[in-house]
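Letters A, B, ... are given to chains in the order of the sequence lines, protein chains preceding strands, and every chain is numbered from 1.
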Protein chains: 2
Amino acid sequence: MDQPDAAAPAQDRKAPATIYDIARHTGVSPSTVSRALNKPGRLNPDTERRIREAAKELGYRINPMARALPTGKTGTLGLIVSDITNPVYFDLVRGAERAASEAGFTLIFADSQESGELELTTAERLQSYVDGLLLVASRLDDRQIQGLSSVKPVMMVNREVPGIPAVVPDVRPGITDALDQLRRLGHRRIAYLSGPPLSWLNGMRWKTLFDLAVEWDMSIVEVKSTAPTREGGAEAFQRVKAAGVTAVFAYNDLVALGLLRECREHRIDVPGRLSIIGFDDIFGADLPTPALSSIKSPLSEIGEKAVRRLLSELDGTQGGTEILLQTRFVSRESVAGPHEVQ
Amino acid sequence: MDQPDAAAPAQDRKAPATIYDIARHTGVSPSTVSRALNKPGRLNPDTERRIREAAKELGYRINPMARALPTGKTGTLGLIVSDITNPVYFDLVRGAERAASEAGFTLIFADSQESGELELTTAERLQSYVDGLLLVASRLDDRQIQGLSSVKPVMMVNREVPGIPAVVPDVRPGITDALDQLRRLGHRRIAYLSGPPLSWLNGMRWKTLFDLAVEWDMSIVEVKSTAPTREGGAEAFQRVKAAGVTAVFAYNDLVALGLLRECREHRIDVPGRLSIIGFDDIFGADLPTPALSSIKSPLSEIGEKAVRRLLSELDGTQGGTEILLQTRFVSRESVAGPHEVQ
DNA sequence: TATCGAGGGGCAATCGATTGACAATTGCGA
DNA sequence: TCGCAATTGTCAATCGATTGCCCCTCGATA
């Protein structure tokens, strides 16, 4: 006998309460309500209490749009990554989220699908919603980024651009440890399976590795990959093999995993004939046999720091332009002495 | 001789252009500008063109906050997942993003960190920003969700609530295939390593599996896990072992991976002594040896469909209340006949 | 008793865009 | 040449919250 759709609340939505409703309810003016809610102490304690109670009773929730209009502040930050499905960004996203919500800010994520054009469009679209933008591993060129930054504050992550504040990992410690381990194990000829040419981080990794290898008198070559993915790593297998090295650093773990899998398919013993080291220590790096060694960035910390710095930038409390966070080498089974297994 | 900070555009940000600027620039009134930009054809084609040109020239970008005030539409959707770092959500997020941006909407993500309380808070906070909410695998109870839905449209994903539209996978096809394969291989006693009791999907998986096992005259038991994570799976190892089954379905791939790893640690042969099947076919499921078999949901499609339905809900074009999408079994190395390896 | 000052609270303008109502212009036919 | 309708554009109110400025009240002090 019940009405068929009794459970469906879908239709009529009550308009949310405004400060005007509260004002009417308590017999004060809207401005007083605004003050009661935003400037504790400015009003008679009793009035303030009455207003607060009425607000609670009416289920008042501030309308962020309406507030944003006079203040120009939206209480929102935008985070743009090149590929949201890349496991690398997990911890970063999580760290950023935590820092943002601690500060009462809302984080908006977007994804540029590895396309510079789309990244620019997205960034511009997002800029009208947010108070500031976080660009992670941006593929834009310096000028475009400076352009964005002339509209609203921009914070770079895993990339440096003159004049723009940034939070980046210091790749040196991790690379030094890893290379040192390889050297001790007897490796002399190594390769770097590189990533996207436009990636700042790719450049840093290569340069740091190169300099160190030269310094330590090891031979090093760059092997290019076609994409920073597992497919890209698999596809580069023949070229890596042809390079005749005993160890390879891959641009990131995805590429390393692809290569690792392909080695297995072709019965190339890892780590016996080839040691493989990735970057980022993403989810799943420890899953294969052999488990992948990797150079880990403190990504969640990077996310947090980036948000916090952006927020302090919004306050006007700008610090220096760059924050460095240390990487470290996570050694797993994919590394051993060359030809250890005959 | 350059100024030290010449490259730093940080400081003075020019205020963005408004329709008033355009109006002044072209000698018409602001309302005309608004019409030119929003109602093509309403104005003299020549006027419209002039206004559009001026808008471009001044780099005009609409202020979404200002627009939201009179219209009540923000052009934004909110997506809440229980844990943003869970690889399960990758494809879902990506599909949702694609559908949203196709429609010119911006997607806001949030994460409830597996906590019902936080989920409610987050949902409420988000609601004032967005036109509609997508709740993925929500841990809230039906009443809370109906409450949210009385404020703004809500769309459920991977969960059903009376009266609320939903997009969910149909777990039957995948489970049927998987169980059928196990049966043919000779398995008779299986276990379900269950997930969070509050998870609707967990309930569906268990119930479907149970009914089918009973129907096919196989014995089945539920083994509880403490968390839907790799740790949770590893931790359940002893209980699974004690259950004396030859095959186990795990609530999701994370749990399955945890269990798989623990089997290896304890030298329990998979799939020889125990076949393992997960759900979701997440990134990395194919990485371990043996590679994990899994029942896959079309997550990216689910994300897309959910957004599209929510959008049509906003239009008033509401369809039915439920959309089902088919799952399928992805068979890999973690499944074989029992005791195949003696 | 007159004056001063501080605390408490209201008024009204403002942010940027939208939109219903209305006014001005134009063109056309009679 | 006049009138009418269609076309084109403007006015002004509105959305919800903020905030500078001003006024009122009341107690304290001279």
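- With respect to A:Glu102 and A:Arg98, no salt bridge is recorded, no charged nitrogen being found less than 4.0 Å from a carboxylate O.
- Ring-centre distance between A:Phe90 and B:Phe90: below the 6.0 Å cut-off.
- B:Val33 comes within 4.0 angstrom of nothing in the nucleic acid, heavy atoms only.
- Checking the phosphate oxygens (OP1, OP2) of C:dG8, no side-chain nitrogen or oxygen of A:Thr47 falls inside 4.0 Å.
- The 5' end of DNA chain D is approached more closely, in terms of each residue's nearest nucleotide, by B:Ser31 than by the other of B:Ser31 and A:Arg61.
- On a pure distance criterion of 3.5 Å, a polar donor-acceptor pair joins the side chain of B:Arg35 and the base of C:dG20.
- Look at CG on A:Leu37: it is 12 Å from C1' on D:dT18, rounded to the nearest Å.
- In this structure, B:Lys39 reaches the sugar-phosphate backbone alone: every heavy-atom distance under 4.0 Å involves primed, P, OP1 or OP2 atoms, never a base.
- Defined by atom type and a distance below 3.5 Å, a donor-acceptor pair is present between the side-chain atoms of B:Arg125 and A:Thr106.
- As rounded to whole Å, 18 Å separates atom P of D:dC15 from atom CZ of B:Arg67.
- When the side-chain hydrogen bond (donor to acceptor under 3.5 Å, both in side chains) test is applied to A:Ser300, no partner is found at least two apart in sequence or on another chain.
- The side chain of A:Tyr60 lies closest to D:dA17, out of D:dA17, C:dT18, D:dT8.
- Distance, A:Leu58 CG to D:dA17 C1': 16 Å, rounded to whole Å.
- At a cut-off of 3.5 angstrom, counting only N and O atoms as typed in the model, there is no donor on one side facing an acceptor on the other between the side-chain of B:Ser29 and the base of D:dC11.
- Residue A:Thr71 has its side chain nearest to D:dT18 when only D:dT18, C:dG10, D:dA17 are considered.
- Ionic pairing of A:Asp21 and A:Arg24 is present here: one or more N-O contacts between side-chain nitrogen and carboxylate oxygen are shorter than 4.0 angstrom.
- Axis deviation across the helix from C:dT1-D:dA30 to C:dA30-D:dT1 amounts to 60°, comparing end segments of five pairs, rounded to 10 degrees.
- Nucleotide C:dT25 holds its P atom 16 Å from the CG atom of B:Leu43, rounded to whole Å.
- Dashed line: the shortest gap from a side-chain N or O of B:Ser34 to OP1 or OP2 of C:dT19 is not under 4.0 Å.
- Of the two residues near DNA chain C, B:Met65 and B:Arg42, the one whose nearest nucleotide lies more 5' is B:Met65.
- DNA chain C is contacted by both B:Leu69 and A:Glu48; A:Glu48 maps to the nucleotide lying nearer its 5′ end (nearest heavy atom per residue).
- The pair A:Asp46-A:Arg49 meets the salt-bridge criterion, with a side-chain N (NZ, NE, NH1 or NH2) lying under 4.0 Å from an Asp/Glu carboxylate O.
- When the P atom of C:dC11 is taken as reference, atom CD1 of A:Ile19 falls 13 Å away, rounded to whole Å.
- The OG atom of A:Ser150 sits 3.5 Å away from atom NZ of B:Lys14, with the distance rounded to the nearest 0.5 Å.
- Going from atom CG of A:Asn38 over to atom C1' of D:dG16 covers 12 Å, rounded to whole Å.
- Within the nucleic acid shown, B:Thr18 comes within 4.0 Å of sugar-phosphate atoms alone, with no base atom in reach, counting heavy atoms only.
- Under the 3.5 Å distance criterion, the side-chain polar atoms of A:Glu124 are left unmatched by any main-chain donor or acceptor of A:Thr121.
- Between the CG atom of A:Asn44 and the C1' atom of D:dT25 there is a distance of 13 Å, rounded to whole Å.
- Taking atom CD1 on B:Ile22 and atom P on D:dT10, their separation rounds to 14 Å, with Å as the unit.
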